[in-house]
Protein chains: 2
Amino acid sequence: MATIKDVAKAAQVSVATVSRVLNDTGYVHTDTKTRVTQAMQELNYFPNEVARSLFNRESRLIGLILPDITNPFFPQLARGVEDEIHAHGFRLLFGNSDEDREKELAYLQTFKQNQVVGVIAVTNEPESDMYNDDLPVVFLDRTVPNAPSVFADAATGGKMAAMELIKRGSRQITLLKGPAHLQTARQRFKSALDVLTEKGVDFHVMSNASFSFQEARKSAKALFQLYPETDGIIASNDIVATAVIHEALRIGKAIPDEVQIIGFDDIPQSELLFPSLSTIRQPAYDMGKEAAKLLIKSIQKQPIDQSVIQMPVSFIERETTRKVDSQ
Amino acid sequence: MATIKDVAKAAQVSVATVSRVLNDTGYVHTDTKTRVTQAMQELNYFPNEVARSLFNRESRLIGLILPDITNPFFPQLARGVEDEIHAHGFRLLFGNSDEDREKELAYLQTFKQNQVVGVIAVTNEPESDMYNDDLPVVFLDRTVPNAPSVFADAATGGKMAAMELIKRGSRQITLLKGPAHLQTARQRFKSALDVLTEKGVDFHVMSNASFSFQEARKSAKALFQLYPETDGIIASNDIVATAVIHEALRIGKAIPDEVQIIGFDDIPQSELLFPSLSTIRQPAYDMGKEAAKLLIKSIQKQPIDQSVIQMPVSFIERETTRKVDSQ
DNA sequence: TTGAAAGCGCTACCAT
DNA sequence: ATGGTAGCGCTTTCAA
């Protein structure tokens, strides 16, 4: 790769001048500029970002930490982030944390060592010291009060799920309670519960500690054994809902006539299931985009009107819930 | 962030000495070493990777270019890559190309500007000049003869798909031909075709130019209209197969009794469909891992026995194909 | 065993 | 309008 020196030599000017045309800063004569530009092209010159980063004490890299890109909720998020930062000339440094504190810390550390300008993180430890320095951070999906963050309206989501099921005639509802360490899962659960209590609807609660399909399968099996009279199920997310559908199909329960099922997230495959899954949608792609926008504003020290962004959820009506005449 | 100078001052030595203990190179007295190490800890010092990269003329970053992380085949690949490079102390610079040459070029360019040590790319342009320099590259999934690359055995895959369908009794097979620009898709198609021809089985061919679900839906609809007597369908991948399942279900074709369906890839959701999809599996995670291993060997100038790695595919028998007594 | 200093490629300040 | 040069944080000679 050619360096600024090579260009300077070829254009018969100093490196300072080359730097000026490169950054379009300070005075430089039109003719000189032409000569320099030409030299750059001839040498196929591109500035070394590393040298720039060293001087500026910051790179044009943004770090993204996700639990696991293999989990179908996250690619959308990542894509939203990537599209937005790419449009602003930033590049993505990416790592899977597996929700492991040590791994997360290691990533964050190397991100800093690479002088990233900011970080977007889906983390269970937003309050940790590791995020407690001057590096701009935006928390995605999981957060802590008042920290810059983007997340979906879990309370409304939980409420919606319960309301839609009731409206569509479920009278014996079973709630599948998600992982306790996830604030969003707890919140959805709680507000669904509140609605059920308030409306005086019969309900049961089952815990399934993980979002893995295999675990969910067991919970689903247990659910239908323990509460065979259940006619409505609020799953903790779409993966779990998928397992519930499978089990219902397996034991010959008619969906949605005998039992209605509703999920959370609206991951891409939910639409492709049979029957396709009715669910409470989180706008994952947009959440990623918003997080990136927020981070970039913060990096560029632009005024920020809203640093805590709650995104709306919506009920996606598909085939695991019954139709109602008038909504 | 503390710098090497700060550590030097605190430990009352020169920066050269600090650098020596940092890199465990050259002579340094045990006592001095202790003093330096202690100073590092007290100052919470971590070396600036950017400065290191500048000096070494290479970073510890590896670039990964994927068409679209949102496409369910790619997260597995990405995860395989990431796990392997992480284990070797490298970090991932990531970009979605959308199969757009300009975007891909832009990424590759900035990767180079950031002095990545190597690149792994899923690209339609492996022969392009942009990959034609001294930067180590491994092509994943899509490749060109003799270039360092990792891909699945598409020929065997296509053959397997046809054989399994025939073995299970299909006599009127329709082949869905995938995007023409994808070598792997062409290859699978061709070898499936060869088997069908050789065995004298009746068949039809339909093109569906894209892997998008919406497009596939249309093709599926057309397929059943044009060739209603079809009793076996070889889809170009699992997304397309999913659309076919949907359409078959919609028009009341019994799967697998009236029509058998087989896909390619074995994306995570294929198992979760109803009926679950029989498919030819590509070991995506392992492919990512192998690509990373190969790249790292190349970076570290280790001997490479195999720079063109073909990974085995396998038939995953699920519910869209009929059972046979003896295999 | 240790330190001084050059230099990686770039930007910004100070001269001219 | 242009050039010289210090310095970003690090590693690696070369001397001592």
Side-chain angles (χ1 to χ4, degrees), chain A residues 1-40 43-61 89 109-117 134, chain B residues 1-40 43-61 89 109-117 134:
Chain A
M1 290 257 280
T3 74
I4 201 171
K5 258 190 190 167
D6 302 325
V7 177
K9 196 174 296 177
Q12 315 212 59
V13 293
S14 72
V15 293
T17 301
V18 178
S19 177
R20 278 187 207 105
V21 344
L22 205 53
N23 299 290
D24 200 26
T25 159
Y27 297 93
V28 37
H29 195 283
T30 324
D31 297 354
T32 332
K33 191 169 181 174
T34 322
R35 274 209 332 279
V36 172
T37 313
Q38 205 171 332
M40 284 178 175
L43 294 171
N44 191 29
Y45 170 78
F46 286 89
N48 182 323
E49 269 299 315
V50 176
R52 284 183 154 179
S53 302
L54 181 59
F55 181 87
N56 295 322
R57 285 193 194 74
E58 62 176 40
S59 70
R60 284 153 173 262
L61 268 22
Q109 184 61 54
T110 53
F111 285 180
K112 287 175 190 168
Q113 290 178 253
N114 279 285
Q115 300 190 164
V116 298
V117 269
D134 45 355
Chain B
M1 289 257 282
T3 75
I4 200 173
K5 256 188 189 169
D6 301 326
V7 176
K9 196 174 295 178
Q12 313 213 59
V13 294
S14 73
V15 293
T17 302
V18 178
S19 176
R20 281 190 202 101
V21 344
L22 205 52
N23 299 290
D24 199 25
T25 160
Y27 297 91
V28 37
H29 195 282
T30 324
D31 297 353
T32 330
K33 190 168 181 174
T34 322
R35 271 207 336 275
V36 172
T37 313
Q38 205 170 333
M40 286 179 174
L43 295 171
N44 190 30
Y45 170 78
F46 286 89
N48 182 325
E49 269 300 315
V50 176
R52 283 183 154 178
S53 302
L54 181 60
F55 182 89
N56 295 322
R57 287 196 195 71
E58 62 177 41
S59 69
R60 284 154 174 259
L61 267 21
Q109 184 60 55
T110 52
F111 286 180
K112 287 175 190 167
Q113 291 178 252
N114 279 286
Q115 298 188 165
V116 297
V117 269
D134 44 354

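Quick caveat: nothing in here was measured; it's all calculated off a predicted structure. First the proteins, then the strands, lettered A, B, ... as listed; each starts at 1.
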The side-chain hydrogen bond (donor to acceptor under 3.5 Å, both in side chains) partners of B:T17 (sequence neighbours excluded) come to B:S14
Of all nucleotides in DNA chain D that come within under 4.0 Å of a heavy atom of chain A, which is furthest toward the 5' end and which toward the 3' end? D:dA1 to D:dG9
Any base atoms under 4.0 Å from A:S53, or only sugar-phosphate, or nothing? Heavy atoms, all strands. nothing
Heavy atoms of other groups near A:Q12 CD, more than 12 under 6.0 Å: no
Intermediate values then yes/no, side chain to side chain contact (heavy atoms under 4.5 Å, CB included), A:R60 and B:T110: CA-CA 10 Å; A:R60 284 153 173 262; B:T110 52; over 6 Å; no
Taking only residues two or more places apart in sequence, or in another chain, which ones meet B:S59 in a side-chain hydrogen bond (donor to acceptor under 3.5 Å, both in side chains)? none
Please round to the nearest 0.5 Å and tell me the distance separating atom OG of B:S53 and atom CG of A:N114. 6.5 Å
Terminal axes of the helix from C:dT1-D:dA16 to C:dT16-D:dA1 (5 end pairs apiece), angle rounded to 10 degrees, sit apart by 50°
Can you pull the side chain to side chain donor-acceptor pair (under 3.5 Å) pairs that have at least one residue in residues 25-37 of chain A, sequence neighbours excluded? none
What pairs with A:N23 under side-chain hydrogen bond (donor to acceptor under 3.5 Å, both in side chains), at least two apart in sequence or on another chain? A:S19, A:R52
Shortest non-hydrogen contact from A:V18 to A:V13? CG2-CG2, 3.8 Å
Pairs where residues 5-20 of chain A contributes a residue and the test salt bridge (charged side-chain N to carboxylate O under 4.0 Å, His left out) is met, not counting sequence neighbours: none
Nucleotide N/O of nucleotides 9-12 of chain C paired with protein N/O under 3.5 Å:
residue	atom	partner	partner atom	Å
C:dG9	N2	A:A51	O	3.4
C:dC10	OP1	A:Y45	OH	2.5
C:dC10	OP1	A:N48	N	2.9
C:dC10	OP2	A:I4	N	2.3
C:dT11	OP1	A:N23	OD1	3.2
C:dT11	OP1	A:N23	ND2	3.1
C:dT11	OP1	A:R52	NE	2.8
C:dT11	OP1	A:R52	NH2	3.2
C:dT11	OP2	A:S19	OG	3.0
C:dT11	OP2	A:N23	ND2	3.4

Could you pull out all donor-acceptor pairs under 3.5 Å where a side-chain atom in residues 43-50 of chain B meets a protein atom, sequence neighbours excluded?
residue	atom	partner	partner atom	Å
B:N48	OD1	B:V50	N	2.7
B:N48	OD1	B:A51	N	3.1
B:N48	ND2	A:Q115	OE1	2.5

Could you tell me whether the phosphate oxygens of C:dT2, OP1 or OP2, come under 4.0 Å of any side-chain nitrogen or oxygen in B:S14? no
